[in-house]
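I have placed the structure first, in the form of structure tokens, so that the comments after it can refer back to it.
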Amino acid sequence: MAKVEASRPVVVTGGAGAIGSVLVARLAERGHRVRVLDNLSSPLPGARERFAAIPRVRLRVADLRRLGSVESAFRNAEAVWHLAANPDIRRGTADPRVDFGDGVTATFNALEAARRNDVHSFVYASSSVVYGLPTRFPTPEDYGPLRPESIYGGSKLAGEGLVSAFCHSYGIIGHVFRFANIIGREMTHGVIFDFFEKLRLTPDRLEVLGDGRQAKSYLRVDDCVDGMFAALEHAREPLNIFNLGTEDQTTAREIAEIVVEAHGSRARIDYLGGERGWTGDVPRQLLDTARIRALGWKPRMGSTEAVRETVRELAQGRGIAPSG
Ligand SMILES: NC(=O)c1ccc[n+]([C@@H]2O[C@H](COP(=O)([O-])OP(=O)(O)OC[C@H]3O[C@@H](n4cnc5c(N)ncnc54)[C@H](O)[C@@H]3O)[C@@H](O)[C@H]2O)c1
């Protein structure tokens with residue numbers, strides 16, 4: 001996307017989160033004024049200070065579950081990037097109201113605030129989990145029927161439905177991205193982060209949920225942001241849906257071994273067994289990314305390379321010397 005001299009700001013909901021904070025920095029670099037809207041329920045540590053240091057970025061702490069408290073943040077905006085959500089599938093299973101509030105209600109309110117303020121571009125962070133347990137790999141965007149297995153996945157699909165309806169009813173251009181697993185140096189959740197946390201608590205044993213054969217695609221956060229920019233630049237249908245992932249997969253076993261090696265602890269890896277790591281887990285995920293690749297995007301790193309790089313960065317961030 002070319003550098004812009006933007007007069008109207010863009011709104012990034014969930015902009016204080018792991019993906020959002022990278023997106024915000026990249027939008028600001030490109031000349032956008034950015035309004036970050038976030039309730040700071042799962043922010044990156046230091047997000048506030050970081051935004052304070054970027055002149056074009058303003059943080060507004062507000063909760064999308066209440067339309068009245070967020071609507072004015074959308075005033076005069078040229079686009080909304082809606083990334084706010086609960087990121088933890090297991091939390092949504094334990095209490096389904098979490099994904100209803102931070103997923104369905106928050107997405108409705110973001111769309112309604114966009115509509116009331118005549119914002120004509122809406123970007124939505126969806127997920128590969130909307131496919132449920134697909135029988136076709138790699139899974140293309142037109143795969144169906146979509147039968148998500150987790151409450152989180154259900155809320156993402158409900159959000160897609162709302163985005164589609166608002167786009168077709170009110171002339172908004174929508175971009176929906178079904179992300180694979182997004183990883184990077186500053187992740188605050190997800191399997192790599194969890195493994196490091198477990199090893200911090202029990203350095204001689206790493207417990208892995210499932211049988212270790214779960215195989216998924218892991219995409220670096222910078223590649224994810226580049227993919228979204230490529231789609232926004234080139235795809236201008238009323239509703240544009242894209243998978244974003246790598247062409248290869250990495251198993252939970254491989255990740256566990258890479259983390260243990262980087263940790264240098266010689267921890268024993270214990271697999272708790274079962275095809276799925278937890279209720280609602282999708283044991284196999286590989287997205288067909290031909291549609292976004294046709295626009296000229298491809299990730300700089302494949303899945304296992306992305307995992308290795310992220311493990312190296314997380315180890316470094318925790319002061320763990322590289323082994324070997
Ligand atoms: N990380 C992944 O692997 C992945 C995969 C698929 C989809 N996604 C989606 O991408 C988006 C960003 O994910 P992330 O990994 O950066 O998560 P994250 O938790 O790091 O960021 C989400 C942000 O949303 C904010 N938020 C949550 N509920 C809110 C509310 N009601 N009002 C205002 N702010 C609220 C949180 O404080 C947080 O800063 C989410 O929509 C997520 O579902 C992420």
Side-chain angles (χ1 to χ4, degrees), residues 11-25 35-48 50-51 59-71 73-74 80-89 91-92 97-110 113 123-131 148 150-160 163 175-194 216-225 227-228 242-246 250 282 285 287 303 306-307 310:
V11 174
V12 180
T13 78
I19 301 172
S21 58
V22 174
L23 172 67
V24 167
R35 285 182 195 150
V36 175
L37 183 61
D38 201 297
N39 68 356
L40 303 184
S41 55
S42 61
L44 281 191
R48 230 181 233 279
R50 186 181 312 200
F51 293 148
L59 170 64
R60 164 105 170 245
V61 180
D63 197 315
L64 272 160
R65 289 171 296 182
R66 284 188 293 279
L67 180 58
S69 66
V70 297
E71 197 184 330
F74 292 68
V80 174
W81 298 69
H82 177 49
L83 277 72
N86 156 49
D88 183 348
I89 295 185
R91 196 170 147 236
R97 288 169 303 181
V98 170
D99 286 317
F100 188 76
D102 292 336
V104 184
T105 305
T107 302
F108 175 83
N109 285 341
V123 181
Y124 177 56
S126 186
S127 165
S128 62
V129 298
V130 297
Y131 294 115
S150 59
I151 307 296
Y152 168 84
S155 80
K156 284 288 169 201
L157 184 54
E160 287 197 15
V163 173
H175 288 83
V176 169
F177 295 100
R178 295 175 178 158
F179 297 158
N181 291 59
I182 309 301
I183 57 173
R185 187 163 50 93
E186 296 185 300
M187 297 314 286
T188 48
H189 50 84
V191 61
I192 300 175
F193 179 85
D194 286 352
K216 307 184 191 187
S217 153
Y218 294 84
L219 179 70
R220 287 283 290 187
V221 62
D222 285 313
D223 282 328
C224 171
V225 170
M228 292 195 282
F242 291 96
N243 286 336
L244 275 181
T246 57
T250 311
V282 175
Q285 173 231 69
L287 300 173
S303 178
V307 167
T310 304

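The shown structure was predicted, so the numbers you read here are calculated from the model rather than taken from an experiment. Both ligands and their constituent atoms are indexed starting at 1 by order of listing.
- The side-chain hydrogen bond (donor to acceptor under 3.5 Å, both in side chains) search around R60 returns S72, not counting sequence neighbours.
- For the residue pair D102 and Y152, no side-chain donor N or O sits within less than 3.5 Å of a side-chain acceptor on the partner.
- When T250, N181, V191 are each tested for a side chain to side chain contact (heavy atoms under 4.5 Å, CB included) with V307, only one passes: T250.
- No side-chain heavy atom of I183 sits under 4.5 Å from any side-chain heavy atom of V221.
- The contact shell of ligand 1, taken as protein residues with any non-hydrogen atom closer than 4.0 angstrom, comprises G14, A16, G17, A18, I19, D38, N39, L40, S41, S42, P43, A62, D63, L64, R65, L83, A84, A85, P87, D102, A125, S126, S127, Y152, K156, F179, A180, N181, I182, M187, H189.
- L59 places a side-chain heavy atom less than 4.5 Å from the side chain of V61.
- Side-chain contact between R65 and F100 is absent, with no heavy atoms from C-beta onward closer than 4.5 Å.
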